Structure formats: structure tokens, C-alpha cells
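In this text, all values refer to a predicted model and were calculated from it rather than measured experimentally. For the numbers below, each heavy atom of this structure counts, side chains included, while hydrogens, waters and symmetry mates do not.
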Amino acid sequence: MLSSFSALSVPGRGAARLAAVTLVSAFAATGVVAGAGPAAAEGTAQGGQGGATATMGGLKTYGTAVMHGEGGDQEVPAGLFEMSVEGGGMLQTYCVDIQNPTLKDAKYHETPWSGTSLGTNDEAGRIRWILQNSYPQVNDLAALAKKAGVRGGLTEQDAAAGTQVAIWRYSDDADVEAVDPQAERLADYLERNARDLAEPAASLTVDPPAVSGRPGERLGPVTVHTGAGSASVVPPTDAALSGVRIVDRKGRAVTSAADGTQVFFDVPDDAAAGTAELTVQASTTVPVGRAFASENRSQTQILAGSSESTVAATATATWADQGAIPALSAVENCAENGLDITAVNKGDEAFTFELMGTEHTIAAGESRTVTIPLQEDRSYDFVIQGLAGFEQRFTGVLDCRTQSSAAGDLTTQTLGEPSRPATAGGTATDTNLAETGSSDVTPMIAGLALALITIGGVTLTVVRRKNSSEHP
């Protein structure tokens with residue numbers, strides 16, 4: 001998951017050049033992790049995506065499944081999670097990342113499939129079909145049981161477990177089956193009948209998430225995309241002081257938007273070089289099948305149901321009288337195992353920057369997307385800084401693969417939930433932390449989670465300087 005925020009006051013004339021200093025910390029063979037680099041300025045927000053932001057509540061409706069592996073068979077909980085939405089609303093989700101932990105209270109963001117393991121999974125569309133044709137979207141359990149050929153009917157726990165097992169077979173290519181016979185029959189039915197469906201549209205996004213230009217211009221357009229009937233448009237917090245307005249193409253003030261609405265930042269002629277941010281917010285149901293990725297390597301989730309929920313997206317604008325005037329945005333790209341950073345230069349001189357040892361130049365009026373290769377499960381922290389307060393930060397953890405498609409073998413754990421792992425032809429450690437409060441495995445898991453969240457990864461600090469003709 002990534003985040004970005006910019007606070008920009010662009011310096012005067014002259015080609016802009018960014019010199020990159022790379023600090024890499026990684027897991028050594030001994031498991032020791034190096035410290036991360038210095039932090040960027042405060043104030044980060046989700047960038048380039050938008051939608052719902054939610055906090056993991058835990059596994060709420062579930063049964064039991066058996067995961068078969070080389071180390072033996074292990075019983076694991078299988079079913080529906082619940083998450084509370086920031087600003088109001090509740091989500092129900094299934095896991096698409098069986099061999100990684102789910103961390104209670106982890107923060108999640110609505111994410112395109114391309115930013116998760118689903119983006120490189122040819123079977124992802126079948127998972128969406130399962131979601132639309134099973135519990136809780138189909139809440140008539142008698143009808144669902146009849147359609148699936150399940151004699152004796154289905155409980156909510158059976159339906160949730162069977163649905164989760166069917167999803168795991170496609171999301172993780174897992175050898176897994178439900179313990180309850182009714183749940184297993186449902187899983188088999190869903191797996192056999194699943195058909196490929198397209199990825200659902202985001203609940204709310206803005207495109208592009210960053211624009212730039214000169215004072216006296218209308219910077220944009222920024223197009224709103226949403227399934228909500230109407231969304232509110234919140235102007236920059238310092239609009240009264242800066243004089244920046246949010247307007248339509250004709251210069252009329254905009255306070256609300258629908259799908260396809262285009263808005264602009266109207267920057268006064270006499271505005272000093274700077275930046276502004278608008279927020280678009282709505283209340284709507286999030287489409288079934290949307291992915292949710294965490295900020296701290298908690299299991300990737302896929303949406304099974306949504307109440308009316310608050311969704312939001314932000315767009316930033318930067319402006320200056322002269323020189324290179326970049327607009328920067330970023331999105332994770334699992335197909336390329338990296339982060340796509342897009343730079344758009346609306347200035348009158350070239351914008352040159354260096355990342356990961358490679359120099360890139362965006363001519364005046366042009367744009368370019370640079371893919372920064374990253375390591376799986378490693379945190380990243382890219383800070384682009386410059387003179388007079390320029391700063392933009394992109395942070396997150398690249399989480400593109402399920403464990404079945406990566407090297408190694410993690411034991412399935414669900415932290416903080418009544419998971420009750422047990423032995424089924426093999427051994428399993430009791431990680432029922434909700435009931436015990438702690439266990440022998442707790443320090444190991446907590447240490448691993450902390451390392452993945454805060455320590456491992458790549459830190460880039462990118463500093464702007466004027467060209468050599470001005471500073472020999």
C-alpha cells in the first residue's frame with residue numbers, strides 16, 4: 001500500500017535535477033534487519049487510488065478448513081472478516097492470501113487488482129463470480145444449498161467456510177478443503193461453476209491525482225469516477241488565504257460532483273509558487289470484488305459485502321511562474337514488481353531526476369512513468385525533496401505474491417482472532433491470542449510483523465538542485 005503527499009514551493013528558473021541517495025536495508029542471512037533512513041515531513045495520505053479506508057475488526061463468521069502441505073495437514077479458520085470504514089460503514093471480506101497473517105486493527109485501503117496478487121492471477125475473475133454467487137451476496141441459504149446440491153442445508157458458518165475455501169483454491173492455488181461436509185460440497189460447487197468476470201470499478205477515484213501549471217491558469221482537469229449518485233468536493237483547507245478555487249471548465253465554483261465530472265484548480269495570477277489539495281467524498285456501497293490491501297503486510301482481502309460507506313479521494317495541484325513544474329503520482333504495479341511513479345512537467349524547462357541509479361528527463365509539456373523495482377514484502381519510503389519546501393513522499397509495502405507463488409513456507413496464522421488451529425495429520429501451534437492473550441509464538445510473529453512494517457525495505461531521498469551551469 002502506498003501513500004503520498006506533496007508540499008511544494010517551486011524554485012525559480014533553471015532545469016530541475018533530482019539526485020537520488022539510496023539507503024537499502026534488507027533481511028540478512030541471519031535474519032538481522034538494518035535500520036531505515038530518516039523520515040520525511042509529516043502529512044501522508046493515500047495517493048493515486050482513492051476509495052474506502054477501513055480497519056480490520058477480525059474474523060466474525062467462519063468454519064474450519066484443512067490446508068494440505070508438505071509439512072502435514074493443518075486446520076485453519078475459514079470465513080468472513082469484518083472491517084469498519086473510516087468515516088462510517090462496514091465491510092465484509094474474504095482472504096486471498098492464506099499463508100500470511102491477518103493483523104487485528106490493521107489499516108486497509110481499497111486497491112486496484114494490479115496492486116495486489118490478483119493483478120497477476122489469471123483466475124481472479126472467477127473469484128469475483130464466487131463472491132457474487134455465494135454468501136453473503138446470496139443470503140437465502142436454503143436456495144444456495146439447493147443450487148449447490150447440499151443436502152441438510154447450510155448454516156452461515158458453513159456458507160462462509162465453503163465460500164472461503166473455493167476462493168483460496170483460485171487465489172492461492174491452495175490444496176484446501178472444508179472440514180464440514182456441507183461446506184465442502186458448497187466449495188466444490190463454486191469451484192466447478194466459477195466463470196471469469198472483469199474487475200469491478202472503484203468506488204471513488206480521481207484522475208489524474210496530481211496536476212500542475214502556472215498561476216492565472218485553471219489547472220486540470222481532474223475527473224471524478226464514482227458509483228455514488230453524488231459526491232462532495234471539499235476545497236483546499238487554506239483556500240481563503242491562497243485564493244485558490246475549485247471550479248468547472250467555465251470557471252463556476254464546484255461543491256459537488258457525479259461520475260465523469262471534471263474540476264479544475266483556479267489559481268490567482270499573483271499566487272506565489274505553491275501547492276493545494278482538494279478532497280472528493282461520497283457515501284456509497286463499495287462494489288463486490290474490490291481488493292483491500294494493508295499498510296503493514298496483513299492478509300490481502302477481497303470485498304464480499306458493503307454497507308453504505310464513506311469513500312474519498314484526493315488530488316493535488318502545484319504551480320510556479322517558470323522553470324520545471326512537475327506533478328508526481330504513484331501506484332503499485334505487481335506485474336512489474338515495482339512502483340510506477342508518473343511525472344508530468346507543465347513547466348517551460350526540462351525536469352530531470354535520478355532514481356535507482358537511472359536518470360530520467362521529462363521535457364517541458366511531456367510526461368513519463370518510471371517503474372522502480374522493489375522487493376516483495378519490503379517496505380519502501382521515497383522522499384522527493386527540493387528547494388523552498390518541495391517535498392513529496394511515497395510509502396508502503398509491496399505485497400504482490402501469495403506465499404504459494406513465492407519462495408519459502410509460512411505457517412498460516414490469524415492474529416487476535418478465535419482461530420483455534422489444531423492438528424490434522426500434522427502439527428499446528430495454538431495461536432488463539434484472543435483467548436489466551438499471548439503464546440510462545442507471539443514474540444516471533446510480532447517481531448516479523450514489525451520488521452515487515454517498519455524496518456525492512458528501501459528508502460530513497462531525492463534532492464533537487466539547479467543545473468551545473470548555475471552552480472559549477
So, S298 and Y108: side-chain donor and acceptor under 3.5 Å apart, yes or no? yes
Could you check if a side-chain atom of L197 sits within less than 4.5 angstrom of a side-chain atom of Q132, using non-hydrogen atoms only? yes
Where is the tightest heavy-atom contact between W168 and A78, given as atom of each residue plus distance? CZ3-CB, 3.7 Å
Checking V85 against L91 for the side chain to side chain contact (heavy atoms under 4.5 Å, CB included) test, could you report, in this order, the C-alpha distance in whole Å, the side-chain angles of both residues, the deciding distance, and whether it holds? CA-CA 7 Å; V85 179; L91 306 177; 3.6 Å; yes
For a quick check under 3.5 Å, do S203 and E110 share a side-chain donor-acceptor pair by atom type? yes
Between Q74 and H68: side-chain donor-acceptor atoms closer than 3.5 Å: no
Answer yes or no: is there a side-chain heavy-atom contact under 4.5 Å between I167 and L131? yes
Using distance alone, with no hydrogens and no angle criterion, decide if Y94 and Q299 have a side-chain donor and acceptor under 3.5 Å apart. no
Do S232 and S256 have side chains that approach each other closer than 4.5 Å (heavy atoms only, starting at C-beta)? no
For a quick check under 3.5 Å, do T53 and H109 share a side-chain donor-acceptor pair by atom type? yes
Regarding S283 and T310, is there a side-chain donor-to-acceptor distance under 3.5 Å anywhere? no
Answer yes or no: are there more than 12 heavy-atom neighbours, outside D122 itself, under 6.0 Å from its atom CG? no
Counting only N and O atoms by type, is there a donor-acceptor contact under 3.5 Å from the side chain of E376 to the main-chain atoms of C400? yes
Please evaluate residues R169 and E123 with respect to the criterion salt bridge (Lys or Arg N to Asp or Glu O under 4.0 Å), reporting the C-alpha separation (whole Å), side-chain torsions for both, the decisive distance (0.1 Å), and the verdict. CA-CA 10 Å; R169 292 173 183 174; E123 309 289 1; over 6 Å; no
Do the side chains of L190 and T163 get nearer than 4.5 Å, heavy atoms only? yes
In the structure I gave you, are the side-chain heavy atoms of Y189 and E184 within less than 4.5 Å of one another anywhere? no
For V233 and A257, which heavy atoms make the closest approach, and how far apart are they? CG2-CB, 3.9 Å
Verify side chain to side chain contact (heavy atoms under 4.5 Å, CB included) between R185 and R151, making sure each step is shown before the conclusion. CA-CA 9 Å; R185 291 190 188 97; R151 296 181 180 179; 5.7 Å; no
Would you mind reporting whether V286 and V311 have side-chain heavy atoms less than 4.5 Å apart? yes
Under a 4.5 Å cut-off applied to non-hydrogen side-chain atoms, are E75 and M67 in contact? no
Examine the side chains of D259 and T226 and answer whether a donor and an acceptor come within less than 3.5 Å of each other. no
Residue of the set D140, L186, L141 for which side-chain contact (heavy atoms from CB on, under 4.5 Å) holds with Y135: L141
For the CG atom of L144 and the CG atom of N139, what is their distance to the nearest 0.5 Å? 10.0 Å
Do L328 and F394 touch side chain to side chain, with heavy atoms closer than 4.5 Å? yes
Apply side chain to side chain contact (heavy atoms under 4.5 Å, CB included) to the pair F265 and I246, showing each step before the final yes or no. CA-CA 5 Å; F265 292 82; I246 307 303; 3.7 Å; yes
Donor-acceptor check, side chain of R126 to backbone of E191, threshold 3.5 angstrom: yes or no? no
Output for pair (D97 CG, T300 OG1), nearest 0.5 Å, gives 4.5 Å
Dump the intermediate steps for side chain to side chain contact (heavy atoms under 4.5 Å, CB included) on V96 and Q301, then the final yes or no. CA-CA 6 Å; V96 289; Q301 304 283 314; 6.0 Å; no
